[in-house]
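A short worksheet on the structure shown next.
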Amino acid sequence: FLLGREVFTEKIARCAALLLAFLPSQIFYVIMPMADTPFSLSVLVLLYLTLKKMTYINAVLTGVVFGIAALTKPVILFFPLFLFCIRIVREKKWRPALFHLVLILAIGEAIMLPWQIRNYKTFGSFVLVSNNGGYNMWMGNNENASGGVLPFSAYIPRDTLLWMKSLDEAERDQYSMQQAIKFMKSHPVQATSLAVKKIIHLYFKDSKCVTYGLHDSYEQVPSAILMSMIALTEGYYYSLGIAFLISLYFLLKREKVSTRTFLIVGTILYFTLIYLPFIAEGRFHMPLIPLFAIVACVPRSYYDRRSVKAEIR
């Protein structure tokens with residue numbers, strides 16, 4: 001609601017908040033604890049703070065949220081650079097924006113530092129946040145890769161898997177990353193085609209939330225009810241997506257490059273491209289759903305007006 005009001009109007013923000021509240025995936029995913037839910041909130045807060053006036057307090061708050069978000073999901077690590085670009089586009093003042101970027105990164109690193117110290121003491125080597133980046137990269141770049149999640153047995157030979165168990169967590173992750181990079185260098189065409197498959201995995205469906213939410217009990221649910229929940233989830237998601245794309249077309253046609261369009265399109269591009277070296281699945285698009293809802297709620301008549309009030313503050 002706050003982000004929608006900042007980007008457009010209060011009426012659009014109310015509509016978007018209501019639309020999001022009834023989105024099935026938003027409901028199903030909160031049944032079990034998952035990183036994606038608080039992470040999505042962190043992304044919204046970062047965007048909201050970026051649209052507010054640049055102050056030291058704003059930079060400190062942004063840095064704290066960034067640090068917490070990075071500990072939740074490391075894909076956010078490069079996001080402050082995008083936030084820096086938003087401020088450049090909006091205020092055309094690169095020096096204060098650069099100073100704030102440095103402050104945000106410094107505070108974020110301070111938040112992550114205790115965890116990094118723990119990792120160094122545990123593994124004897126520096127680990128920025130987690131030891132699954134290499135795993136996910138190898139899972140997304142191998143002869144049997146599909147672009148989505150795979151069991152280890154699908155791409156790691158049994159003897160190699162047994163050998164890897166003798167390594168510690170950090171060493172296994174480093175070895176996995178080396179194998180992924182080796183594959184991408186020797187199979188550039190296949191790696192490129194896999195990138196397309198990852199985009200499909202990222203956006204194709206939203207109904208995985210049903211089995212995630214019901215967890216092991218989904219087998220006890222009558223098939224008719226289960227299929228109804230999946231159909232409702234996908235119907236809502238695709239209706240939202242179509243409304244978003246239509247509204248985005250008119251927005252880009254009217255404004256082309258503005259702070260508003262840069263924020264919306266840039267955020268979507270960031271959370272699309274960041275997964276291309278790794279793997280992707282439906283829940284990874286969760287941080288983008290609120291933006292879809294905000295844009296989808298913009299009425300057609302809005303694009304015929306050019307009042308000052310409609311512009312971002």
For this session: Ignoring hydrogens and angles, state whether a donor on the side chain of E281 or Y212 is under 3.5 Å from an acceptor on the partner side chain.
Result: yes
Heavy-atom distance under 4.5 Å between the side chains of [X] and [Y], does that happen here?
{"X": "Q179", "Y": "S176", "result": "no"}
{"X": "W94", "Y": "R87", "result": "no"}
{"X": "I181", "Y": "K185", "result": "yes"}
{"X": "F152", "Y": "M164", "result": "no"}
{"X": "E143", "Y": "F183", "result": "yes"}
{"X": "K52", "Y": "E6", "result": "yes"}
{"X": "L61", "Y": "Y56", "result": "no"}
{"X": "I107", "Y": "T62", "result": "no"}

Taking all atoms of both residues into account, what is the closest heavy-atom pair of [X] and [Y], and its distance?
{"X": "T267", "Y": "L47", "result": "OG1-CD2, 3.7 Å"}
{"X": "T50", "Y": "R90", "result": "O-NH1, 3.8 Å"}
{"X": "Q174", "Y": "S125", "result": "NE2-OG, 4.1 Å"}
{"X": "V45", "Y": "V65", "result": "CG1-CG2, 3.9 Å"}
{"X": "E169", "Y": "N131", "result": "OE2-ND2, 3.0 Å"}
{"X": "L251", "Y": "I264", "result": "CD2-CD1, 3.9 Å"}

Backbone N or O of [Y] within a donor-acceptor pair of the [X] side chain at under 3.5 Å?
{"X": "N141", "Y": "A180", "result": "no"}
{"X": "S247", "Y": "A243", "result": "no"}
{"X": "T261", "Y": "S258", "result": "yes"}
{"X": "K208", "Y": "K205", "result": "no"}
{"X": "Q116", "Y": "L128", "result": "yes"}
{"X": "K198", "Y": "L276", "result": "yes"}
{"X": "S217", "Y": "Q220", "result": "no"}

For this session: With sequence neighbours left out, write down each residue that passes ring pair (Phe, Tyr, Trp, His ring centres under 6.0 Å) with Y275, or none if nothing qualifies.
Result: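 Once residues adjacent in sequence are excluded, the partners of Y275 under the ring pair (Phe, Tyr, Trp, His ring centres under 6.0 Å) criterion are F284.
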Atom pair [atom1]/[atom2] of [X] and [Y] - distance to nearest 0.5 Å:
{"X": "L51", "Y": "L3", "atom1": "CG", "atom2": "CG", "answer": "6.5 Å"}
{"X": "K197", "Y": "T192", "atom1": "NZ", "atom2": "OG1", "answer": "12.0 Å"}
{"X": "T160", "Y": "Y155", "atom1": "OG1", "atom2": "OH", "answer": "12.0 Å"}
{"X": "N58", "Y": "Y48", "atom1": "CG", "atom2": "OH", "answer": "10.0 Å"}
{"X": "L273", "Y": "L202", "atom1": "CG", "atom2": "CG", "answer": "10.0 Å"}
{"X": "C209", "Y": "L214", "atom1": "SG", "atom2": "CG", "answer": "9.0 Å"}

Going only through I, L, V, M, F, W and Y residues with side-chain contacts under 4.5 Å, is there a path from [X] to [Y]?
{"X": "I86", "Y": "F8", "result": "yes"}
{"X": "M177", "Y": "Y135", "result": "no"}
{"X": "L232", "Y": "F292", "result": "no"}
{"X": "M137", "Y": "L150", "result": "no"}
{"X": "L291", "Y": "Y203", "result": "yes"}

Problem set entry | Mutual orientation of the aromatic rings belonging to F82 and F79 [parallel < 30°, tilted 30-60°, perpendicular > 60°] | tilted
Exercise. Can you say whether the rings of Y175 and W138 are parallel (under 30°), tilted (30 to 60°) or perpendicular (over 60°)?
Worked result: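 Plane angle over 60°, so perpendicular.
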Check whether more than 12 heavy atoms from other residues, nucleotides or ligands sit under 6.0 Å from atom [atom1] of [X], and answer yes or no.
{"X": "F126", "atom1": "CZ", "result": "yes"}
{"X": "I57", "atom1": "CD1", "result": "no"}
{"X": "Y238", "atom1": "OH", "result": "yes"}

Seminar exercise, completed: Sorted by chain and residue number, the side chain to side chain contact (heavy atoms under 4.5 Å, CB included) partners of N119 (sequence neighbours excluded) come out as W115, F123, V127
For this session: Starting from the C-alpha separation in whole Å, work towards a yes-or-no answer on side chain to side chain donor-acceptor pair (under 3.5 Å) for S207 and E234.
Result: CA-CA 6 Å; S207 59; E234 296 296 10; 2.6 Å; yes
Problem set entry | Verdict with reasoning, Y237 to H285, per ring pair (Phe, Tyr, Trp, His ring centres under 6.0 Å) | CA-CA 11 Å; Y237 172 68; H285 67 231; 5.0 Å; yes
Distance-only check: which donor-acceptor pairs under 3.5 Å involve side-chain atoms of residues 11-39, not counting sequence neighbours?
unit_1, atom_1, unit_2, atom_2, d
S25, OG, D206, OD2, 2.7
D36, OD1, R283, NH1, 2.5
D36, OD2, K73, NZ, 3.1

Please report, to 0.1 Å, the donor-acceptor pairs under 3.5 Å made by any side chain of residues 97-106, with sequence neighbours excluded.
none

Problem set entry | Criterion side-chain contact (heavy atoms from CB on, under 4.5 Å) on I76 and S42, from CA distance to verdict | CA-CA 10 Å; I76 199 74; S42 300; over 6 Å; no
For this session: Please step through side-chain contact (heavy atoms from CB on, under 4.5 Å) for the pair I156 and N142, ending with a clear verdict.
Result: CA-CA 9 Å; I156 304 178; N142 62 79; over 6 Å; no
Exercise. Step by step, would you call M112 with L77 a side-chain contact (heavy atoms from CB on, under 4.5 Å)?
Worked result: CA-CA 11 Å; M112 294 185 283; L77 286 171; 4.2 Å; yes
Exercise. How about Y270 and F78: are their ring centroids closer than 6.0 Å?
Worked result: no
For this session: May I ask you to list the residues sharing a hydrophobic cluster with L113, side-chain cutoff 4.5 Å, ordered by chain and number?
Result: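 L113 clusters with I117.
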Exercise. Considering residues at least two apart in sequence or located in another chain, which fulfil the side-chain hydrogen bond (donor to acceptor under 3.5 Å, both in side chains) criterion with S130?
Worked result: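 Here the qualifying residues are N132.
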For this session: Show your reasoning for whether side-chain contact (heavy atoms from CB on, under 4.5 Å) applies to F204 and I199.
Result: CA-CA 8 Å; F204 181 65; I199 295 175; over 6 Å; no
